[in-house]
Colleague: 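One structure, as structure tokens, below. Some questions next.
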Amino acid sequence: MREDLVNFKKYYLEVVPKVPADSFFRQSMNHKYRHSIDVLHCGQEIMQKTPELANISVQFTNFAEQALLFHDVGRFEEAFLCYEAGKNSDLTADVLAQFDHGIIGYNLLKENQKYNDLRILFAVRYHGKMMEDVRMSEMWQNVVKSAVRDEILQIFYLVRDADKIANLQAAKKDNHLREDIFYKQLSAKAKIAPLTSKVKEQFFTGKTVLSATVQTFADRLLQVISWIYDFNYEYTKTVFLNQGYAQFLFDELAKYHTDKTELKKIKEIIKL
């Protein structure tokens, strides 16, 4: 693991000096560096608390920890590309959509023999995608046919869960949902508006809320709450409730969305 941490820091240091220290994107790189370490720790805890992941093999644990640590390695180059793009145009959603940290990270690690393994690469490439899109990908078919299919999927689901828990930690501890680029781009009206109908419809029908449908900060809060539909391991679900993340998000949402009937329904779904 020590060598992996050295390599991860190397990827970070290759890009971070290219962006001014006072830039939002430099701050984003720094956050993603810390976030990646947090995801590693969260994933290690999930493995320890999940019988089907504990003590599979030393090799499995190594691949899992590498996938956890490097899952966002593409974020550094992505932030640099966004910084460069912002010099010449407004950073609209369409501009930002040009850059995909999953693809960037996948291509980066594929060139390194130490990390060029589908158990790592699949998680890096698709950890941030909707499962519907993942299952439609050509790479998913390669996973299905792989001799190590179970290990690839176990690590993929582990990275998705650990990523969410680390993000929830940052949201509760550092108020990070109000520090990301989505919130900063919202109009003053959208920051205090209630839930929109499309987002409510998705949540109440048991679906993870699509980013493209999120219009307000309240929508963003319910989108994060909707991660409950995408948790893969029982321990992750336990952490979501027992660490107070569900209550924190619900309390934040109630500041902007005041429909008592709908709030009660949300509360029942997340089992508060």
Side-chain angles (χ1 to χ4, degrees), residues 23-39 41-42 71-72 75-76 78-79 82 86 91-93 96-97 99 101-102 127-130 159-200 202-204 207-231 236-237 239-259 262-263 266-267 269-272:
S23 167
F24 167 82
F25 295 104
R26 176 72 167 268
Q27 296 167 19
S28 177
M29 288 182 188
N30 295 338
H31 167 71
K32 287 302 178 181
Y33 183 90
R34 296 189 299 269
H35 166 75
S36 297
I37 304 299
D38 290 340
V39 170
H41 293 157
C42 289
H71 80 287
D72 265 354
R75 286 290 192 186
F76 307 136
E78 180 189 59
C82 288
L91 283 176
T92 63
L96 294 173
F99 313 117
H101 73 284
H127 69 275
K129 299 297 183 184
M130 299 296 292
V159 171
R160 289 175 72 89
D161 278 21
D163 191 21
K164 290 179 175 63
I165 292 301
N167 278 320
L168 288 165
Q169 288 177 346
K172 185 180 177 186
K173 180 181 177 182
D174 301 323
N175 203 20
H176 189 70
L177 288 175
R178 290 187 176 84
E179 297 297 328
D180 65 18
I181 194 166
F182 171 78
Y183 185 82
K184 292 180 181 297
Q185 289 183 322
L186 287 176
S187 67
K189 183 178 180 180
K191 287 178 179 178
I192 61 173
L195 292 169
T196 59
S197 58
K198 286 186 179 180
V199 165
K200 287 189 291 183
Q202 291 170 82
F203 182 80
F204 289 135
K207 298 176 182 177
T208 306
V209 173
L210 297 171
S211 294
T213 63
V214 174
Q215 301 296 319
T216 69
F217 184 56
D219 286 348
R220 174 64 172 142
L221 289 166
L222 192 61
Q223 180 189 38
V224 176
I225 292 172
S226 77
W227 289 351
I228 59 173
Y229 301 128
D230 195 39
F231 289 150
T236 310
K237 300 172 187 177
V239 169
F240 182 65
L241 286 172
N242 291 354
Q243 294 298 317
Y245 302 134
Q247 187 67 59
F248 165 76
L249 291 167
F250 179 82
D251 291 344
E252 286 294 301
L253 177 61
K255 295 176 183 178
Y256 309 102
H257 191 76
T258 57
D259 185 309
E262 291 179 338
L263 287 174
I266 293 169
K267 199 170 185 178
I269 291 172
I270 59 180
K271 300 178 181 179
L272 285 180

Colleague: With rounding to the nearest 0.5 Å, note down the distance linking OG1 in Thr258 to CG in Leu253.
Modeller: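 So the gap between those two atoms works out to 10.0 Å.
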Colleague: Roughly how far, to the nearest 0.5 Å, is the NZ atom of Lys172 from the CD atom of Glu252?
Modeller: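 NZ of Lys172 is found 11.5 Å from CD of Glu252.
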Colleague: Would Val239 and Leu168 count as a side chain to side chain contact (heavy atoms under 4.5 Å, CB included) here? Give the steps.
Modeller: CA-CA 10 Å; Val239 169; Leu168 288 165; over 6 Å; no
Colleague: Go through the side-chain N and O atoms of Gln202 and Ser226 and say whether any donor and acceptor fall under 3.5 Å apart.
Modeller: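 Looking only at side-chain atoms, Ser226 and Gln202 do not form any donor-acceptor pair under 3.5 Å.
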Colleague: For side chain to side chain contact (heavy atoms under 4.5 Å, CB included), just list the numbers for Thr196 and Thr213, CA-CA rounded to whole Å, side-chain angles, deciding distance to a tenth of an Å, and then say yes or no.
Modeller: CA-CA 9 Å; Thr196 59; Thr213 63; over 6 Å; no
Colleague: Looking at residues at least two apart in the chain, or sitting in another chain, which of them share a salt bridge (charged side-chain N to carboxylate O under 4.0 Å, His left out) with Asp180?
Modeller: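 Here the qualifying residues are Arg220.
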Colleague: Salt bridge (charged side-chain N to carboxylate O under 4.0 Å, His left out) with Lys32: which residues, sequence neighbours excluded?
Modeller: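 So Lys32 forms a salt bridge (charged side-chain N to carboxylate O under 4.0 Å, His left out) with Asp72.
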Colleague: Please round to the nearest 0.5 Å and tell me the distance separating atom OH of Tyr245 and atom NZ of Lys173.
Modeller: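 Answer rounded to 0.5 Å: 10.0 Å.
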Colleague: Quick check: closest heavy atoms across Arg178 and Phe217, and the distance to 0.1 Å?
Modeller: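 Taking Arg178 first and Phe217 second, the nearest heavy atoms are NH2-CE2, 3.6 Å.
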Colleague: Between the main-chain N or O of Asp163 and the side-chain N or O of Asn167, is there a donor-acceptor pair closer than 3.5 Å?
Modeller: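 Flag set: sc Asn167 to bb Asp163 pair under 3.5 Å.
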Colleague: Answer yes or no: are there more than 12 heavy-atom neighbours, outside Lys198 itself, under 6.0 Å from its atom NZ?
Modeller: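 Incorrect, the count does not exceed 12.
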Colleague: Verify side chain to side chain contact (heavy atoms under 4.5 Å, CB included) between Leu195 and Phe203, making sure each step is shown before the conclusion.
Modeller: CA-CA 11 Å; Leu195 292 169; Phe203 182 80; over 6 Å; no
Colleague: Could you tell me which non-hydrogen atom of His101 sits nearest to which non-hydrogen atom of Glu78, and how far apart they are?
Modeller: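 For His101 versus Glu78, the nearest heavy atoms are N-OE2, 3.3 Å.
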Colleague: Would you sort out whether Lys164 and Phe240 count as a side chain to side chain contact (heavy atoms under 4.5 Å, CB included), showing the intermediate values?
Modeller: CA-CA 9 Å; Lys164 290 179 175 63; Phe240 182 65; over 6 Å; no
Colleague: To check you understand the geometry: which heavy-atom pair defines the closest contact between Trp227 and Thr208, and what is its length?
Modeller: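 What the structure gives for the nearest pair is CD1-CG2, 4.5 Å.
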Colleague: Please identify which of these residues, Lys207, Lys129, Arg160, Lys237, meets the salt bridge (Lys or Arg N to Asp or Glu O under 4.0 Å) condition with Asp230.
Modeller: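 Option passing the salt bridge (Lys or Arg N to Asp or Glu O under 4.0 Å) with Asp230: Arg160.
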Colleague: Quick check: do Gln169 and Cys42 have side-chain heavy atoms less than 4.5 Å from each other?
Modeller: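 SC-SC contact between Gln169 and Cys42 confirmed.
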Colleague: Taking all heavy atoms of Ala193 and all of Ala218, pick out the closest pair and write down the distance.
Modeller: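 Looking at all heavy atoms of both residues, the closest pair is O-CB, 3.4 Å.
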Colleague: Do Tyr256 and Thr216 have side chains that approach each other closer than 4.5 Å (heavy atoms only, starting at C-beta)?
Modeller: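 Answer no - side chains too far apart.
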Colleague: If you measure from CD1 on Ile270 to CG on Leu241, what distance do you get to the nearest 0.5 Å?
Modeller: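 Atom-to-atom, Ile270:CD1 and Leu241:CG are 7.5 Å apart.
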Colleague: Measure the spacing between CD of Glu179 and NE2 of His31 and express it to the nearest 0.5 Å.
Modeller: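 So the gap between those two atoms works out to 10.0 Å.
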Colleague: Does a donor on one side chain and an acceptor on the other come within less than 3.5 Å for Asp219 and Gln223?
Modeller: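 Their side chains do not contain a donor-acceptor pair, so the 3.5 Å distance test is not met.
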Colleague: Provide the closest heavy-atom pair for Cys82 versus Phe99 in the form atom of the first, atom of the second, distance.
Modeller: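 Scanning both residues completely, I find the closest heavy atoms to be SG-CD1, 3.6 Å.
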Colleague: If we only count heavy atoms from C-beta on, is the Phe204 to Ile269 side-chain gap below 4.5 Å?
Modeller: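 Side chain of Phe204 against side chain of Ile269, heavy atoms only: contact under 4.5 Å found.
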Colleague: What distance separates Arg34 CZ from Asn30 CG, expressed to the nearest 0.5 Å?
Modeller: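 If I round to the nearest 0.5 Å, the distance is 6.0 Å.
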